[in-house]
A.B. asks: 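Have a look at this one.
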Amino acid sequence: MLDIKLIRNEPDRVREALRRRGAQAEAALDKLLELDRSRRETLVAVEKLRSRRNAASEEIARLKRDGIDPKDKIEAMRRVGDEIKRLEAGLKEVETALQEELLQVPNLPDPAAPDGGEDDSVVLHHWGIPRKFTFEPEDHLDLAVAHDLIDMERGARTSGSRFAYLKGDLVFLQFALVQFALQKLAAKGFRPVLVPVLVRDEAMYGTGFFPTDMQQVYRVEADGLNLVGTSEVPLAALHMDEIVDEADLPVHYVGYSTCFRREAGAAGKDTRGIFRVHQFDKVEMFSFCAPDKSGEEHDFMRSIQEQVLQELGLPYRAVNIAAGGLGASAAKKYDLEAWLPAQERYREVTSCSNCTDYQARRLKVRAKGAKGGPYLLHTLNGTVVALGRTIIAIMENYQTEEGLVEVPAALRPFMPAGMEVLGR
RNA sequence: GGAGAAGUGGCCGAGAGGCUGAAGGCGCUCGCCUGCUAAGCGAGUGUAGGAGUGAAUGCUCCUAUCGAGGGUUCGAAUCCCUCCUUCUCCGCCA
């Protein structure tokens, strides 16, 4: 959420920034400004009357103490009370409308986010050289099916399309990746957290997924809860309504959870294998940091992501996402795209967003220190390992001519003793 | 799922329709004092929104806030309703 004062004081700056995202800034902004003006106008009227009522209440109490019947005063105040109620109803209406509008406005893009839409994202650099195959590389699904490691048919029978069973050595590979990621991040000061995956609406609104991405979310209507699409949601909500001690900043967490996504609107896209499924697991890092530190924090988190891919030996490229491709809460976003030999292109395996104070304002996460406060923190989130896609990248990059898959050296300590090849 | 109890400031804890933004204590900040430390004395110490004012870190005033939201009343921390959370007992259960 944006600061209404910023919108009020610098509407043109906000308008320009929103245009960069391709948002229909014009109408929304004008409506917002009008609602804000109307809200303050009504508020002044209500507060004037409340002030009068408070003064009269004191006087009534005083008169009663002195044994004087305050009947006339009470009668007059009854009318004031009715008027207050009337105005309060109007005020509430305006405030609700204002809030609703405000919730829909996305974050302002960072000046360093490139102009344009999805296709205008800028490649920052490459790492690693895609392997030259002496044979025709297979894709992850063929490799997996040959050894019954992925079962899409039965997944579909049980749950529908885009659901899969992962079996055998891939299960070990997944948990090896989790161990690898958790230990690496813990060593860097990130506190491991297992999070609730069903969350209240507040958490969804607070992180900016509601109302914009509602259609992507599985909702458990009976309980009013939502299945999270990423542990970013419960991690961000961890300090909802709190004022944290400035001395504890930055607060670093590494979460692990299953992620659920409806993939509405993705019909026909990436239908093969487990690249785009409704349910996958992910290790995610999250940071609450001081507002003036989020830029360097963002780079720090990306460096961790790059380190992970490098240690796994997966060639990738780093991309600075254009303003038009940012999620609602992000001001700036980096993606890392790993090379997939079978697709012969780079595909997104991690993402890292600086949400500045956008989520913090919605979640009311603030900090306070000796010098001052409370002030809103900045929040950042980044993938450490998206299990499904990383497994795909490993399988395709580490495949052998015999159709087996080597285990990357970095993961061997976390695999069953002696297991160096998957499928056998 | 059934039966009860409770939610007050950073913390503890009083208040049971008006004189309570909220006693008292602890903590914290500043000052004084004590050759260090401890103790002592004095002052201050929540958050949010708004109006006014200033070149400005600001200052002045108003409003709201006693888990959340409604209601009763001239007036609600205090009475009523709904919800949330916590605790106890019973049942069920990984």
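Here is how names work: the chains are called A, B, and so on, in the same order as the sequence lines, proteins then strands, and each is numbered from 1.
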A.B. asks: Taking only residues at least two apart or on different chains, which pairs with a member in residues 151-160 of chain A satisfy side-chain hydrogen bond (donor to acceptor under 3.5 Å, both in side chains)?
C.D. replies: Asp151(A)-Arg154(A), Asp151(A)-Lys167(A), Thr158(A)-Tyr165(A)
A.B. asks: Could you pull out all donor-acceptor pairs under 3.5 Å where a side-chain atom in residues 82-89 of chain A meets a protein atom, sequence neighbours excluded?
C.D. replies:
residue, atom, partner, partner atom, Å
Glu83(A), OE1, Arg86(A), NE, 3.2
Glu83(A), OE2, Arg86(A), NH2, 3.0
Glu88(A), OE2, Arg50(A), NH1, 2.6

A.B. asks: Under a 3.5 Å cut-off on both pairing distances, which runs of 3 or more consecutive Watson-Crick or G-U pairs involve RNA chain B?
C.D. replies: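 Correct response: B:1-7 with B:84-90, B:10-12 with B:24-26, B:27-32 with B:40-45, B:46-53 with B:58-65, B:67-71 with B:79-83.
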A.B. asks: Could you go over nucleotides 68-70 of chain B and give all protein N or O partners under 3.5 Å, atom names and distances?
C.D. replies:
residue, atom, partner, partner atom, Å
rG70(B), OP1, Lys92(A), NZ, 3.3

A.B. asks: Output all residues satisfying side-chain contact (heavy atoms from CB on, under 4.5 Å) with Glu100(A), sequence neighbours left out; order by chain, then residue number.
C.D. replies: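 Applying side-chain contact (heavy atoms from CB on, under 4.5 Å) to Glu100(A) gives Thr96(A).
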A.B. asks: The criterion is ring-ring contact (aromatic ring centres under 6.0 Å, His included); which residues satisfy it with Phe172(A), sequence neighbours excluded?
C.D. replies: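 Applying ring-ring contact (aromatic ring centres under 6.0 Å, His included) to Phe172(A) gives none.
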A.B. asks: Provide the distance between the two C1' atoms, one in rA22(B) and one in rA16(B), to the nearest whole Å.
C.D. replies: 14 Å
A.B. asks: What does the list of N/O pairs under 3.5 Å between the protein and nucleotides 79-84 of chain B look like, with a distance for each?
C.D. replies:
residue, atom, partner, partner atom, Å
rC84(B), O3', Arg200(A), NH2, 2.7

A.B. asks: What's touching nucleotides 45-49 of chain B from the protein side, N or O pairs under 3.5 Å?
C.D. replies:
residue, atom, partner, partner atom, Å
rU47(B), O3', Arg366(A), NH1, 3.1
rA48(B), OP1, Arg366(A), NH1, 3.0
rG49(B), O2', Arg39(A), NH2, 2.6
rG49(B), N2, Glu47(A), OE1, 3.2
rG49(B), N2, Glu47(A), OE2, 3.0

A.B. asks: Who are the ring-ring contact (aromatic ring centres under 6.0 Å, His included) partners of Phe180(A), not counting sequence neighbours?
C.D. replies: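 Counting only residues at least two positions away or on another chain, Phe180(A) forms no ring-ring contact (aromatic ring centres under 6.0 Å, His included).
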A.B. asks: Going by the rule side-chain contact (heavy atoms from CB on, under 4.5 Å), which residues pair with Asp66(A) if we only count those two or more places apart in sequence or in a different chain?
C.D. replies: Arg62(A), Ile68(A)
A.B. asks: Taking N or O atoms only and anything under 3.5 Å, show me the protein contacts with nucleotides 14-21 of chain B, one pair per line.
C.D. replies:
residue, atom, partner, partner atom, Å
rG18(B), O6, Lys64(A), NZ, 2.6

A.B. asks: Would you say Asn54(A) reaches rA64(B)'s phosphate, i.e. side-chain N/O to OP1/OP2 under 4.0 Å?
C.D. replies: yes
A.B. asks: If the condition is ring-ring contact (aromatic ring centres under 6.0 Å, His included), which residues does His378(A) pass it with, not counting sequence neighbours?
C.D. replies: none
